Engineer: 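Once you've had a glance at the structure underneath, I'll fire off some questions.
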Protein chains: 2
Amino acid sequence: MASEKCFAKGSSAPGLVAKGQIRLYSMRFCPFAHRTRLVLHAKGIKHDTVNINLKDKPEWFLKKNPLGLVPTLETSSGQVIYESPITCDYLDEVYTDKKLLPADPFQKAQQKMMLENFSKITPYFYKIPLGKKNGEDISVLEAELKEKFVKLNEDLVNKKSKFFGGNAITMIDYMMWPWFERLEIFELKHCLDGTPELKKWTEHMSEDQTVKATMFPTETYKAFYKTYADGKPNYDYGL
Amino acid sequence: MASEKCFAKGSSAPGLVAKGQIRLYSMRFCPFAHRTRLVLHAKGIKHDTVNINLKDKPEWFLKKNPLGLVPTLETSSGQVIYESPITCDYLDEVYTDKKLLPADPFQKAQQKMMLENFSKITPYFYKIPLGKKNGEDISVLEAELKEKFVKLNEDLVNKKSKFFGGNAITMIDYMMWPWFERLEIFELKHCLDGTPELKKWTEHMSEDQTVKATMFPTETYKAFYKTYADGKPNYDYGL
């Protein structure tokens, strides 16, 4: 699935999406596209993956999605869906096996509120490494991130559950996971030291078959993020 | 519905939410809360409204929603829901009469993508009036806003429909409407001059019973926004 070299500007468009399949436009190391990869795998949805060179986007891709974002889904009838939570909700609605979102409207609303809250956490995973690279003092940012982890930890403590939606993995866990999988690469693993329940959650998540199947080895991530930090991302690293 | 004076810090909490009803915590002139007011009215949902002084929030309100945001919904069993699109989706799921979101997953995803796009437009309605007040050159911002209106206009032209989800009003129309209702107050009505289909949409929207029922007279908005711009918002203006 994640074994194809990326398409860049000047490339020919890939063939049509096969009937009965869906296509994911992705970038192998993108945490947002990772969300959709997790959902596709967890639900066992037949799909192909086309990786995009995000620094040098193919013209044909910009025609499909003028924003040029990954993840983007394309159906065999040419319908195009983007924005990671929208792609994941779409997949969960269309493919009714192994539902990841709760059926109860309030529980669903709770997951959406958690996701909205989490969208204020993701910027730290860029700001802190960037600040460090630029030799800035990142102690305030790190303290803020830890404070946010404390809230997530409290949530798990209050719920007395292994995962954020109960004792089984649901949508919200997969929505948050990609950034936790990269904590070591961002040199932020120590931020979990004061939040034991959240740390346990990362351990439970690491045991999930879908998480395992869509994960890259730490060394691969490190090598990719080095090329990314140097301004020359090697999207095909390791292929 | 919108006739109650706001609750401020030091106020006693209102009574429990009546069984079979839902409560909206609102601010009479807030465009985000306006979204939820539109949905409550359009679907004919029995509710009461508690207005909040957003400059001086009641302690009891911050206990219900630590973010202190409006709109917030509260059910008679004490469930709390916030963030305007989440409150509206929740209402549309729980109250199944007069569905506002399409049942088709792709059409629903399209509405979510439009909403995501619109979330990049709303900041202009604050930035432009603020820039003007501060004597800044706002011509670039206005040109950008007009460009975004051109895209919305194109969408209506391509769809050949009166509204953004077809020939009847659906969720996306109500999600975008509050800012268009305030165009005159923001002194941005001329930005519609180059986009006739979008202008027609605003006219069709103005004829909707729900839009009419939740609308304030322009003079009231103007008076409120003057107090707001002066840093002393009179949330009870006109009561």
Side-chain angles (χ1 to χ4, degrees), chain A residues 17 22 32 36 39 43 45 64-69 71-96 99-120 147-148 150-151 154-155 158 171-172, chain B residues 17 22 32 36 39 43 45 64-69 71-96 99-120 147-148 150-151 154-155 158 171-172:
Chain A
V17 180
I22 194 158
F32 294 97
T36 317
V39 170
K43 296 179 67 85
I45 297 168
K64 291 186 196 290
N65 177 355
L67 301 177
L69 297 171
T72 291
L73 291 174
E74 184 180 12
T75 68
S76 58
S77 58
Q79 294 170 332
V80 168
I81 303 120
Y82 47 84
E83 296 293 342
S84 63
I86 303 175
T87 63
C88 295
D89 289 359
Y90 171 83
L91 292 172
D92 204 40
E93 280 208 22
V94 172
Y95 300 88
T96 49
K99 277 279 190 184
L100 291 170
L101 274 170
D104 175 73
F106 178 62
Q107 284 178 25
K108 198 187 284 183
Q110 280 184 307
Q111 297 222 349
K112 294 292 170 194
M113 291 188 275
M114 281 189 256
L115 183 63
E116 181 62 30
N117 172 52
F118 190 69
S119 73
K120 287 158 196 147
E147 195 43 51
K148 300 209 180 273
V150 167
K151 297 266 180 226
E154 269 174 22
D155 194 24
N158 292 339
M171 188 66 93
I172 187 62
Chain B
V17 180
I22 195 156
F32 294 98
T36 318
V39 170
K43 296 178 67 84
I45 297 169
K64 290 187 197 290
N65 177 354
L67 302 177
L69 296 172
T72 291
L73 291 174
E74 185 180 10
T75 69
S76 58
S77 59
Q79 294 170 331
V80 168
I81 303 120
Y82 46 83
E83 296 293 342
S84 62
I86 303 175
T87 63
C88 295
D89 289 358
Y90 171 83
L91 291 173
D92 203 41
E93 281 209 21
V94 172
Y95 300 89
T96 49
K99 276 280 190 185
L100 290 171
L101 274 169
D104 175 73
F106 177 61
Q107 284 178 24
K108 199 186 285 183
Q110 280 184 308
Q111 297 223 347
K112 295 290 171 196
M113 290 188 275
M114 282 189 256
L115 184 63
E116 181 64 31
N117 173 51
F118 190 70
S119 74
K120 286 158 198 149
E147 195 43 52
K148 299 208 181 274
V150 167
K151 296 262 179 229
E154 269 174 23
D155 195 23
N158 292 339
M171 188 65 95
I172 187 62

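Below, chains carry the letters A, B, ... as their sequence lines are ordered, and counting in each starts from 1. For clarity, every value in this text was computed on a predicted model and none was experimentally measured.
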Engineer: Out of Glu116(B), Glu93(B), Met113(B), Glu83(B), which one racks up the most heavy-atom pairs below 4.5 Å with chain A?
Structural biologist: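 Option with the greatest count: Met113(B).
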
Engineer: Using a heavy-atom cutoff of under 4.5 Å, enumerate the residues of residues 104-112 of chain B that contact chain A, numbered in order, or state 'none'.
Structural biologist: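 Counting heavy atoms that sit under 4.5 Å from chain A, the residues of residues 104-112 of chain B involved are Pro105(B), Phe106(B), Lys108(B), Ala109(B), Lys112(B).
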
Engineer: Which one, Leu73(A), Val80(A), Asp89(A), Leu67(A), leads in non-hydrogen pairs under 4.5 Å with chain B?
Structural biologist: Val80(A)

Engineer: Can you sort out the partners of Lys99(B) under salt bridge (Lys or Arg N to Asp or Glu O under 4.0 Å), two or more places apart, ordered by chain and number?
Structural biologist: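 With neighbours one apart ignored, the set is empty.
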
Engineer: Looking at Asp92(A), Ile86(A), Thr87(A), which has the largest count of heavy-atom pairs under 4.5 Å with chain B?
Structural biologist: Ile86(A)

